[in-house]
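Have a look at the structure below, then the notes.
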Amino acid sequence: MAKKSPLAVKLDEVRERIAAACAKAKREPGEVTMIAVTKTAAPEQIREVLQLGVGDLGESRVQVLQQRAAQVNEFFARQQAHGGASAENLPAKLRWHMIGHLQRNKIKPVLPLISMIHSVDSLRLAEELDAHAAKANRKLPVLMQVNASEEPQKSGVAVGAAVPLAEQIGTMDNLQIMGLMTMAPLEGDEKTVRQAFARTRELFEEIKFEKIGGPHMRHLSMGMSNDFEHAIAEGATLLRIGTLLFGGKVADEEMGEE
Ligand SMILES: *Cc1c(COP(=O)(O)O)cnc(C)c1O
């Protein structure tokens, strides 16, 4: 057996920790999907993580997403076509998730590239996405971002406005609301972090109870490198993990922004 690369070792560690957190929460590991957030990744690391079987990639910056999707999608298509040892673990599909704040004037270029957007946080953005998705003849999967910790600086719909906005998004013909996304306070202690996730899950349950989104309402996108185990305990189905896999550090102003 060839020696594992540093990224392969890290990925194994993360997968083991996800499995352990699922076992502890009495959940099936298949309920939880890891999205590799490419914010701090070098291009060769993105290609490698794909070859290691990760098919869900996340980006928070529009321009970077455009550049990377162009390169990575082409690499993926080539690997699929030619096969061989390096393509053994290739995922069946490659999906890009837009996880950062999206300005309305950037919708058009990213829409064809993304499988899902996690950061819908206003009626105006939802309406504009709906209009662009209609032109593209698409039903776009979206998550609504909630500011569950109610930090003033933070993106996301206020807790009190979440259900009414979800209801409005639920009526839009070309958007499919599939769940909620949240970010816990970055410097929060365990209790604060768990509260933010629990609050998001309660809102999710309430929205489901109102039958908004129907059977599609099934995702909770929460949990990052330093809090994903708490997120799994609180019901996360989509984890967004960057630095734990790729290392590096992202400047503060880039968090969730483009
Ligand atoms: C950067 C980013 C992540 C990944 O964070 P890490 O701490 O590097 O795992 C997840 N979600 C969003 C919205 C991000 O901007």
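When reading the values below, keep in mind they use all heavy atoms of this one structure, side chains included, and skip hydrogens, waters and symmetry mates. Ligands are counted one by one from 1 in listed order, and the atoms in each one are counted from 1 as well.
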Residues 70-79, side-chain donor-acceptor partners within the protein, below 3.5 Å, at least two apart:
| from | atom 1 | to | atom 2 | distance (Å) |
| --- | --- | --- | --- | --- |
| Asn73 | OD1 | Trp96 | NE1 | 2.9 |
| Asn73 | ND2 | Ala69 | O | 3.3 |
| Glu74 | OE2 | Arg78 | NE | 3.4 |
| Glu74 | OE2 | Arg78 | NH2 | 3.4 |
| Gln79 | OE1 | Gln51 | NE2 | 3.2 |
| Gln79 | OE1 | Ser86 | OG | 3.3 |

(request) Heavy atoms only: give me the nearest Glu206-Val163 pair and the separation to one decimal. (result) OE2-CG2, 3.6 Å
(message) Below the 3.5 angstrom mark, is there an N/O of Ile99, backbone or side chain, next to an N/O of ligand 1?
(response) no
(message) What I want to find out is whether Glu150 reaches Arg199 closely enough, with some N-O distance under 4.0 Å, to be called a salt bridge.
(response) yes
(request) Please could you name the atoms of ligand 1 that Ser225 approaches to less than 4.0 Å, counting only its heavy atoms? (result) 6 (P), 7 (O), 8 (O), 9 (O)
(message) Heavy-atom pairs closer than 4.0 Å: do any link ligand 1 to the side chain of Arg240, the backbone, both, or neither?
(response) both
(request) Could you tell me whether Asp189 atom CG has more than 12 heavy atoms of other residues or ligands within 6.0 Å of it? (result) yes
(message) Please work out, at 4.0 Å between heavy atoms, whether the side chain, the backbone, both, or neither of Met183 comes within that distance of ligand 1.
(response) side chain
(request) With sequence neighbours excluded, give me every ring-ring contact (aromatic ring centres under 6.0 Å, His included) pair touching residues 107-130. (result) His97-His118
(message) Taking 4.0 angstrom as the limit and counting only heavy atoms of Ile241, give me the atoms of ligand 1 inside it, by number and element.
(response) 9 (O)
(message) At less than 4.0 angstrom from any non-hydrogen atom of Gly242, what atoms of ligand 1 do you find?
(response) 4 (C), 6 (P), 8 (O), 9 (O)
(request) For atom CD of Glu187, decide whether the heavy atoms of other residues, nucleotides or ligands shown that lie under 6.0 angstrom number more than 12. (result) no
(message) If I apply the N/O under 3.5 Å rule, does Asn226 come out as touching ligand 1?
(response) no
